[in-house]
Amino acid sequence: FDSAIITPFIDANCISIFNQYTIRHSRRDELQNYLNEHTIGNCIYYPISLHVQPCFSDLGYKEGDCPESEKASKEVISLPVFPGLTQGQLDYVVQVINSFN
């Protein structure tokens with residue numbers, strides 16, 4: 001698991017229309033640099049777990065209270081997904097991610 005790409009889980013009884021396609025990797029920041037070097041757009045939408053964001057400070061949570069959320073916030077990165085994404089572009093994104101070590 002440590003160096004694997006983890007893709008979103010979609011239950012067999014469901015479909016998805018992704019607004020973001022978010023994957024996880026334990027070396028997310030290195031992966032982001034690699035994607036940038038290969039001119040692949042990406043974004044980290046939630047770099048800080050919700051429970052420790054200032055806007056939720058009145059809830060009284062602190063770092064360490066939600067370890068899985070905190071781990072995820074350090075591993076998630078969103079990839080390009082939009083209606084105009086061509087098969088060639090998608091293949092390129094997949095190829096680059098698969099070549100990341």
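Quick caveat: nothing in here was measured; it's all calculated off a predicted structure.
Formation of a donor-acceptor pair under 3.5 Å by the D65 side chain with backbone atoms of K62 is found in this model. Remark: the backbone N or O of C66 is not paired with any side-chain donor or acceptor of S69 at under 3.5 angstrom. When atom types are taken as modelled, the side chain of R24 and the backbone of K74 share no donor-acceptor pair closer than 3.5 angstrom. At least one donor-acceptor pair under 3.5 Å links the side chain of Q53 to the backbone N or O of I48. Side-chain N or O atoms of S49 include none that pairs as donor or acceptor with a backbone N or O of V52 at under 3.5 Å.
Across all non-hydrogen atoms, the minimal contact from F18 to I10 is CZ-CD1, 3.5 Å. The two residues I77 and N42 have their closest heavy-atom pair at CD1-OD1, 3.7 Å.
The closest side-chain heavy-atom distance from Y92 to V96 is below 4.5 Å. Between E75 and R27 the shortest side-chain heavy-atom distance does not fall below 4.5 Å. When side chains are defined from C-beta on, S78 does not count as touching Y21, because their heavy atoms never get closer than 4.5 Å. Between I23 and I6 there is no side-chain heavy-atom pair separated by less than 4.5 Å. Contact check for I44 versus Q32: side-chain heavy atoms found under the 4.5 Å cut-off. I5 is listed as a side-chain neighbour of I97, based on a closest heavy-atom distance under 4.5 Å.
Within a 6.0 Å sphere centred on CZ of F100, heavy atoms belonging to other residues, nucleotides or ligands number more than 12. With a 6.0 Å radius and a threshold of 12 heavy atoms from other residues, nucleotides or ligands, N101 has its CG atom at or below the threshold.
Looking at Q89 and T86, their side chains do bring a donor and an acceptor atom within 3.5 Å of each other. In the model, D91 has a side-chain atom that pairs as donor or acceptor with a side-chain atom of Q87 under 3.5 Å. Between E63 and H51, the side chains place no donor N or O within less than 3.5 Å of an acceptor N or O (distance only, hydrogens not considered).
Considering SG of C55 and CG of L50, their distance stands at 7.5 Å, rounded to 0.5 Å. Atom CG of L85 and atom CZ of F82 lie 4.5 Å apart (nearest 0.5 Å). Distance check: Y45 OH to T22 OG1 gives 7.5 Å after rounding to the nearest 0.5 Å. With rounding to the nearest 0.5 Å, the separation of CG in N33 from CG in D29 is 7.0 Å.
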Verdict with reasoning, I40 to N36, per side-chain contact (heavy atoms from CB on, under 4.5 Å): CA-CA 6 Å; I40 294 174; N36 289 339; over 6 Å; no

Test log, rule side chain to side chain donor-acceptor pair (under 3.5 Å), inputs Y34 and S99: CA-CA 10 Å; Y34 190 73; S99 68; 2.7 Å; yes

